[in-house]
Amino acid sequence: MPQSSNLKPITKAVIPAAGMGTRFLPATKAMPKEMLPVVDKPAIQYVVEEAAAAGLTEIMMITGRNKRALEDHFDRATELEALLEEKGAFDLLESVRESTKLAHMHYGRQASPRGLGDAVLTAAAFVGNDPFAVLLGDDLIDERNPILPTMIKVHQKFGGSVIALMEVSPEQISSYGAAAVAPIEPGSGIENVVRISGLVEKPSKDQAPSNYAVLGRYLLTADIFKVLQETPPGRNNEIQLTDAIAELTKREDHGGPVHGVIFKGLRYDTGDKLGYLQATIRLASERSDLGPELRKWLRDFVKGLPE
Ligand code: G1P
């Protein structure tokens, strides 16, 4: 376990997965967007694997209509397993069982799409008073450069909540939550950590407090729930998690401080068609089974592309 042993380990994570997936229609007409495969695993499995690798093995997924496939994917498939066993297809059998062994899965349901903040609030009873992580399914963090262990360390050092940030161009910032940041005193012993003094959900380029965008990884204390209950609808008329965390930054005595870890590793936006294709190609080209042939084909393919 990558967590410090003298503190109570953080084991709970919330994964909101109630979104409609409109960006991938018609593929997502009858199938959750989280089930779209990245190479041969559904995108959501990478996220559950990331949580489990950081010791977060009590996972509540917040689903909605049309999402049954998610529950089925993380559950045993006894008939299929029996069939594979009978056929002696043991590698496949193992791959089918893998998703069921990662974590204890719990499910909550968001009655209507009222925003990310509302989805997280659905998990209040599950979380209780413990600090917990939130992982958004559209952001896929490459397993070679995990960020959750650093976020946990920062929480253990400073208390309060921790969010992940990444630097984006001024043109891109309006697609994200944007953070007002201040450097922390040197000597904290942890690199790339800033203090958050404010947050704005999807600001225009001119109104963004910085180019630091909120990435879909959060480590929150249970104080967030009280704030969420009082957070009015914000951007898009939805209850925004960003607005609630912005409020936390003002309530030092009740839930603050909020720190940010600046992520510099590989991340894919699988909620976007281009990002999804890039993730699929990149991860497939690095696989030992598919990579050699795919890379060869890609090189020829690129040569034949018009300028
Ligand atoms: C959500 C958050 C936003 C964050 C983004 C990261 O937006 O509201 O603050 O920057 O995830 O992926 P969404 O992409 O769900 O619209």
Side-chain angles (χ1 to χ4, degrees), residues 13-24 28 32-34 36 38 43-44 46-47 50-51 61-64 67 110 113-123 133-142 147-148 151 161-181 194 196 198-205 207-220 224 227-228 231-249 258 260-263 265-276 278-279:
V14 175
I15 303 184
M20 306 272 277
T22 42
R23 279 192 276 181
F24 279 92
T28 49
K33 67 169 175 175
E34 294 81 6
L36 288 170
V38 176
I44 194 73
Y46 291 84
V47 179
E50 179 193 343
M61 206 171 267
I62 311 295
T63 67
K67 302 280 186 170
Q110 192 183 17
R114 295 183 60 218
L116 179 58
D118 181 64
V120 171
L121 192 52
T122 313
V134 175
L135 289 83
L136 304 190
D138 285 349
D139 287 303
L140 210 152
I141 305 281
D142 197 299
I147 188 167
L148 287 171
M151 294 173 72
S161 293
V162 186
I163 61 177
L165 299 173
M166 61 177 176
E167 205 166 354
V168 300
S169 71
E171 285 66 38
Q172 291 171 313
I173 196 73
S174 58
S175 305
Y176 299 96
V181 302
V194 288
I196 310 281
L199 285 167
V200 191
E201 178 66 4
K202 306 200 172 123
S204 66
K205 185 176 157 189
Q207 282 174 348
S210 77
N211 286 346
Y212 286 115
V214 176
L215 218 168
R217 298 292 179 272
Y218 309 77
L219 208 141
L220 303 169
I224 196 74
V227 180
L228 277 170
T231 302
R235 200 169 170 88
N236 263 345
N237 206 24
E238 291 177 347
I239 316 275
Q240 296 292 349
L241 183 60
T242 304
D243 293 347
I245 301 172
E247 184 58 32
L248 278 186
T249 65
V258 182
V261 176
I262 301 167
F263 179 69
L266 278 174
R267 163 254 180 196
Y268 316 100
D269 180 3
T270 52
D272 168 80
K273 281 181 215 172
L274 189 61
Y276 172 78
Q278 288 166 339

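Just so you know, ligand 1 is whichever comes first in the structure, and atom 1 is the first atom listed for that ligand. Atoms considered below: every heavy atom in the structure, side chains included; atoms not considered: hydrogens, waters and symmetry mates.
For atom 9 (O) of ligand 1, the nearest non-hydrogen atom of the protein is Glu201 OE1, 2.7 Å. From the protein, the heavy atom lying nearest to atom 13 (P) of ligand 1 is Lys202 NZ, 3.5 Å. Given atom 10 (O) of ligand 1, the protein heavy atom at minimum distance is Val214 O, 2.6 Å. The nearest protein atom to atom 12 (O) of ligand 1, hydrogens excluded, is given as Asp139 OD2, 2.8 Å; this is a heavy-atom distance.
Atoms of ligand 1 lying under 4.0 Å from at least one heavy atom of Thr242, given by number and element, are 9 (O). Distances below 4.0 Å separate heavy atoms of Tyr176 from the following atoms of ligand 1: 10 (O).
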Task: side chain to side chain donor-acceptor pair (under 3.5 Å) between Ser169 and Gln172, worked out - done: CA-CA 5 Å; Ser169 71; Gln172 291 171 313; 3.3 Å; yes

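Checking side-chain atoms of Arg235 against main-chain N and O of Gln240 turns up no donor-acceptor pair under 3.5 Å. Side-chain atoms of Ser174 do not come within 3.5 Å of backbone N or O of Lys205 as any donor-acceptor pair. Using a distance-only test at 3.5 Å, with no hydrogens or angles considered, a donor-acceptor pair links the side chain of Thr28 to the main chain of Gly21.
Under the 4.0 Å distance rule, the nearest protein heavy atom to atom 15 (O) of ligand 1 falls outside the cut-off.
Only the side chain of Leu136 comes within 4.0 Å of ligand 1, counting heavy atoms alone; its backbone N, CA, C and O stay farther away.
At least one side-chain heavy atom of Leu241 sits less than 4.5 Å from a side-chain heavy atom of Ile224. Side chains of Tyr212 and Val194 form no contact here, defined as non-hydrogen atoms less than 4.5 Å apart.
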